[in-house]
2 protein chains.
Amino acid sequence: MDKKRVLIVGGVAGGATCAARLRRLDEGAEIIVLERGPYVSFANCGLPYYVGNVINDEAKLLLASPALFRERFNIEVRTLNEVSGIDREARTIAVRDLVTGREYSEHYDALVLSPGAAPIRPSWPGIDLPGIFTLRSIPDSREIRDWIESRSPRRAVVVGGGFIGLEMAENLAHRGIAVTIVELANQLMPPLDPEMAEYARQQIESHGAGLRLGDGVAAFEQSGNGTLIVHTQGGAPFDADLIVLAIGVRPETTLARNAGLEIGQRGGIRVDSQLRTSDPRIWAIGDAVEIKNLLTGRWELVPLAGPANRQGRVAADAICGRASHFEGVQATAVCGFFGLTVALTGATEKALRSAGIKDYQAVYLHPNQHVGYYPGAQAIHMKLLYRKSDGRVLGAQAVGESGVERRIDVIATAIKLKATVFDLEDMELCYAPQYGAAKDPVNLAGMIAANVLRGDAEIAPWSELGSSDAFVLDVREPQEVQAGSIPGSVNIPLGQLRMRLNELPPSGEIWVTCGVGQRAYYACRILAQHGFLARNLSGGYSTYRVLHPEIEQEAGALAENLVLIASAEK
Amino acid sequence: MDKKRVLIVGGVAGGATCAARLRRLDEGAEIIVLERGPYVSFANCGLPYYVGNVINDEAKLLLASPALFRERFNIEVRTLNEVSGIDREARTIAVRDLVTGREYSEHYDALVLSPGAAPIRPSWPGIDLPGIFTLRSIPDSREIRDWIESRSPRRAVVVGGGFIGLEMAENLAHRGIAVTIVELANQLMPPLDPEMAEYARQQIESHGAGLRLGDGVAAFEQSGNGTLIVHTQGGAPFDADLIVLAIGVRPETTLARNAGLEIGQRGGIRVDSQLRTSDPRIWAIGDAVEIKNLLTGRWELVPLAGPANRQGRVAADAICGRASHFEGVQATAVCGFFGLTVALTGATEKALRSAGIKDYQAVYLHPNQHVGYYPGAQAIHMKLLYRKSDGRVLGAQAVGESGVERRIDVIATAIKLKATVFDLEDMELCYAPQYGAAKDPVNLAGMIAANVLRGDAEIAPWSELGSSDAFVLDVREPQEVQAGSIPGSVNIPLGQLRMRLNELPPSGEIWVTCGVGQRAYYACRILAQHGFLARNLSGGYSTYRVLHPEIEQEAGALAENLVLIASAEK
C-alpha cells in the first residue's frame, strides 16, 4: 500500500487546518504534526482578550487537543517537539523532543512548514527587564496575567500602535490599568491611510489613554523601587509597571533558510499559488510566507488567520494532487478597541502610491450605519478607492462604532469578484430602520464614485487645497460655519445658491464643501448646469477635520456642529 | 427655452428620490410632486417603531418638507392634492385639492406614477369597528398611538405574521401590551422557507407572545363593554383591546388602470427596465409596479424601499435621456423582532419550486456569528441555495441574534455579481475574535456546498428521510443522542467510527447526521474512502428539529444538548 507520509511543522491555524484537510482527502496517509510549543491549534487571536480577562477560561483557547486530533482525524500530534533542520536530499527532518532532549529524524513524502511569525523584540537597552512582555503564545499571556494579578500594575505601556497594540491597550484598560501607547510612526494602525487612522487617535485620546505618536522607545530602565522607566527618543521619560511590545512580527524562516529554500523580497518564504516552496516536496503556509497582494501585485507579509487557513486547505489539496490555487490576498482586516471598529479591505491609497499605481481616485463619505430617525444612528467614516479608468473597486477603509465590518465585508466581496463602483451603486442590501438605509452606505459610496466617473460631480483634490487658487464655496448654514470652516472659504447656504450665483467667479474652478459632501454634490449639480466649473471636496468638512488634525476645536462647538450637520443633511 | 414639465404622483420613497434626481440632472425642468397625504417623503418604514414609541418624536419621521424641496431642489410639492385621472391623449392629469375642493388639471411632458401600495383590509364582518387599524401613514400611526395612550389596551391582536406584522407585534409588546399573532398560513414570514420561519415561531413563543398559525380571522365583534372579540376559522374566539391588520399590501393601480396602462399578471403596473409603462410618456415606480425577480425570472410585487429608491433614480435618468436600467430585484430583506434577526436574499426553495426550477440544491449550517471562545457566541442558522449544475448562488436565508444581516449582505453581493459557491469559499472577510471566525459563516456555507458539488460529501435529501431505507448513522456522543435523535438512527461516535466500520451495512446508502453537520462531514469523508456510499444530512440534528417542529423537547434536555453540541464541535 502506497501510504503517503506528510509532516507538518507548526500546529496553529494553517498547520492544523492543513492536517485536518489532508485527512479528509486521504484516509490512508500518515500525518504527523510537530509543534514546538505545548499546545496545538490554540486561538492565538484570542490572546489579548485572555490577558484582558474578557476570556477568563484558558481552556477555551485550546481549540483542539492532540487527543482530539488522534481520535477524530487519526493524526499524530507531537507538542514540545522542535524541528531543527531539513535534509531535502534525504527527505528527512531533524527533531528534538523538548521534554526528554532526545533527537531523532523523520522521513517525509511531503513537508508542510507552518512555523508562523515571531514578535519583534528589538535590542533596546533594558529590553530583558522583568515586566516587559511580548505576546505570542498561551504561556506568554499567562505570564502577563500573572504579572497583573501579582503586581497590580497601575500604568502600562504598549509599544506599537498597530492592530495588536490597540487590542492590547484596550484589554489592559479593561483591567483598570492606565495605558500609554508609544508608536514610532506619525499615525496609529500603519496599514491605514493616515487620515483614516486619525479616527483611531481621537477614540484612544477621548478614552483617556496616553499616546505618543511619532516617538520611539530609546531604552528601558528599572528604578530603585522596581518601577520601569521608558526613555523615548522624543519626550521626557515616564514610568510604567508593565510593558507589552506589539511592534509587529517577523516570519519564522530559519528552518527554510537553513534548508536553502527561496526567501522572498519581504523576508518571507517564497511560494507559488499552490503554496509550494522552491523544493517541490515542501510546502509553506501562514505567517511565514509572503503572498501576492491581489490589488497591487506586490509581495507582502500578511499575518492574518483567514488567509492562513485557506492556504492550509490549498496546500493539502496540492499534496493530494488537487488543482486548488491561492490567488493572493486582499488583506481584509478588522480591529475593535474602545468601542470603535476599524476595518479595511484591498488597497489603501498609501499602498497604491507605494506600488506606483496612479490610475486611482478616492472618495470619502460619512453616512450613518442606519437611518437617522431610528435611535442610535452613528456615522461610519468611509474611504473608497477605485480605478479612475474603469471604476474597478480597489479598496475601502471604514471606521465607526457600529456596522463597519458589515460594509467592509460587502466591499471585500465586491473586490474579490472584480466589481466596479457602478456595481456598488446597485447592490441590493438588507434594509430595515434598525439595520441600514434604503441607500446603504455601500450604495452611497458607489453612487458618489460613479457620479465622479460619469462626470456628474467631479471631485477636487484635497491635497491641493492649500496651493490651488480655486474659489472655495461652503454651502452649509451659517451656524455650522461658525463652528469651524476651511480657511478662505466663502459661505453661501445651499438654499440661497440659485439666487446668488452672481457672487461666484465666472471663470476658474469652484471647489464646493459642506458637512459631509451631500449638499456640496447638490450644489455642484446646480453650478455645473449654470456653466460653472465645480468640484466637490469629497466628504466635506468632516473629511477636512481628519486631514487637518492639528486644528483643535472647542469640544462644545464641535458637538454642536455635528448636530447641525445631522439635521441639515437629512 | 425648452423647459420640460415633469409631474410626479406620490411623494414617498421612490417619488421623492425621482424628483430630487431629476433636478440634479436637469436644472431647468419644471418638477411638481402631487401627494394625496399630508406629508411628502416621510419614513414609512419607521411607522411601527413610532407606534412602539421606540421613535417618539413624530418630526423625525418627516425626512423632507415641501419647504426643503422648494429651497434645496426648486421642486414644487403639493400635499393634500389627489390625482384623480390621466388624459394620456392631452397629456394632462386631473387633480383635486383636498383642502379647498378645487379641481384642476396639469399638463405634463413626463408623468411618474409613485402611488405605492395600500394595506389590504378584507371585508370581514366587524372590520370597521373602533380599535381595528391598518398602518400606512403618519396619521394612521398617530391614531394607534392615541388609542394606546387613551385606552391603555392590555391585549392586542396582529393579523398577519409577515415582516410588518412581526414588527408591529414587537412594538406593541414594547409598549407592554400582550400580543397575539393570527396568521392564515402554516408558517410565519411567508417569504421564507417554512423550516427557516420555524426559528421565528420559536422566538415569538419563547417571548410569551400568542400565536395562531394556520388560522384565519372569520369576524370581529364588539362586546357590551367595548372589548373586541376575534372570531377565527379554527379556534375559540378571544378578546382584544386593539387590533392591527398587517395582512399585506395591494399595489395602487386605480389611476393606471383607468388610464388604460398595462397591468401585469401580479396586478402591478407593468414597466420595462427603464420603468416606462405601456405609455412612453408615463413612468411608474415603487410598490405599485411589478418587477422581474433576477433569480426566478418571474414577475413579482416587491414592496421594498431599496428597490423603490433605485427605480426612482432610473426613471429620472430615463426621463432625462440617460440609459440607466433597473435589471430586477433579488428581494433582499431583513426583519428584527424580539431580539431575533431574520434576513434573506435571492430565491427561496419555495420560490424556485414554484417557478418550476429544478436545478438547485440546498445546504444548511448553524455556525456561530463569531468564534466560540469569545464571549457571546450565538448561532446563525443558514440555508444556502445554489445551482447544482454550475454552483451559481441562488439565494440564502439566515436567522440569529447577531451578525445575520452582514452575512446576507455578503451573499446578496455575491448573487448580484453572479458568484458561485466556489467564490464564497474563498471570500476574504473581516475577522477578529469578536467579529467572526477565520472561516466566516459565508466561507463555511460556500465550503459545504462546494464539497457537495465536488463530490466530496454529497448530501442526503431531508425530504426523503421518512421514506428512504437508507441506514441513518448518528456520529454524536451518546449524551447528545440521549437528549434527542432521529428515529431509527444508529449511534457510533465519530471518534470510534474507524474501528467500528464493520457495524455498518456494506451496501446501500448511509445517511450521516450529527449536531450541526460538521462531524457528519468528517464521517462521510472517512466512509467514502472506505468504499461506503455516505451522504450528509445537511445541518444535522439542528436542522432536523426545525424540519420537525412537532417534536417537542424537554427544555432542559434541549439546552443541555446545545451545550454538548457546542463543546463537541469546537
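Numbers restart at 1 for each chain; the letters A, B, ... are given by sequence-line order, proteins then strands. Just so you know, these numbers come straight off a predicted model, no measurement behind them.
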Using the side chain to side chain donor-acceptor pair (under 3.5 Å) rule, take B/Gln434 and A/Tyr49 through it: C-alpha gap first, then chi angles, then the decisive distance, then the call.
CA-CA 10 Å; B/Gln434 68 274 52; A/Tyr49 300 90; 2.9 Å; yes
Under 4.5 Å to a heavy atom of chain B? For A/Pro307 that would be side chain
Sequence neighbours excluded, the answer for ring-ring contact (aromatic ring centres under 6.0 Å, His included) partners of B/Tyr522 is A/Phe73
Exercise for review: Measure the shortest side-chain to side-chain distance between A/Glu428 and B/Thr345 over non-hydrogen atoms and say whether it is less than 4.5 angstrom.
Suggested key: no
Worksheet item: Given side chains that start at C-beta, do those of A/Leu429 and B/Thr413 come closer than 4.5 Å, heavy atoms only?
Response: yes
So, the part of B/Asp57 with a heavy atom under 4.5 Å from chain A: the answer is neither
When the 4.5 angstrom heavy-atom criterion is applied to A/Val329 and chain B, the contacting part is both
task: Answer with yes or no whether the side chains of B/Thr341 and A/Tyr435 bring together a donor and an acceptor at under 3.5 Å.
output: yes
Are any of the side-chain nitrogens in A/Asp426 or B/Arg313 under 4.0 Å away from the carboxylate oxygens of its partner? no
Honestly, the part of A/Arg24 sitting under 4.5 Å from a heavy atom of chain B is both
Chain A shares the most heavy-atom pairs under 4.5 Å, among B/Ala343, B/Ala523, B/Ala419, B/Gly336, with B/Gly336
Nearest heavy-atom contact between A/Cys430 and B/Ile408 is SG-CG2, 3.6 Å
(Q) Measuring only between side-chain heavy atoms, which start at C-beta, is B/Tyr374 closer than 4.5 Å to A/Cys45? (A) no
Closer than 4.0 angstrom, basic N to acidic O: yes or no for B/Arg498 and A/Glu27? yes
So, the part of B/Glu327 with a heavy atom under 4.5 Å from chain A: the answer is neither
When the 4.5 angstrom heavy-atom criterion is applied to A/Asn451 and chain B, the contacting part is side chain
Bottom line for A/Glu425: the part with an atom under 4.5 Å from chain B's heavy atoms is both
Indicate yes or no: at least one non-hydrogen side-chain atom of B/Val410 is less than 4.5 angstrom from one of A/Arg406. no
For A/Tyr431 and B/Ala305, the nearest pair of non-hydrogen atoms, with its separation, is CE2-CB, 3.5 Å
When the 4.5 angstrom heavy-atom criterion is applied to A/Asp409 and chain B, the contacting part is both
So, the part of A/Asn56 with a heavy atom under 4.5 Å from chain B: the answer is neither
Scanning both residues in full, the closest heavy-atom pair of A/Val54 with B/Pro375 reads O-CG, 3.2 Å
Rounded to the nearest 0.5 angstrom, the OG1-CG distance for B/Thr420 and A/Leu417 is 8.5 Å
Worksheet item: How about A/Gln529 and B/Leu25: do any of their side-chain heavy atoms sit closer than 4.5 Å?
Response: no
Turns out that what part of A/Cys524 lies under 4.5 Å from chain B's heavy atoms comes down to neither
Residue pair B/Glu71 / A/Gln496, side-chain heavy-atom distance below 4.5 Å | no
Rounding to 0.5 Å, atoms CZ (A/Arg525) and CZ (B/Arg21) come to a distance of 7.5 Å
The interface call for A/Ala333 against chain B, heavy-atom contacts under 4.5 Å, is backbone
- Message: Could you check whether any side-chain heavy atom of B/Arg322 comes within less than 4.5 Å of a side-chain heavy atom of A/Arg454, counting everything from C-beta outward?
- Response: yes
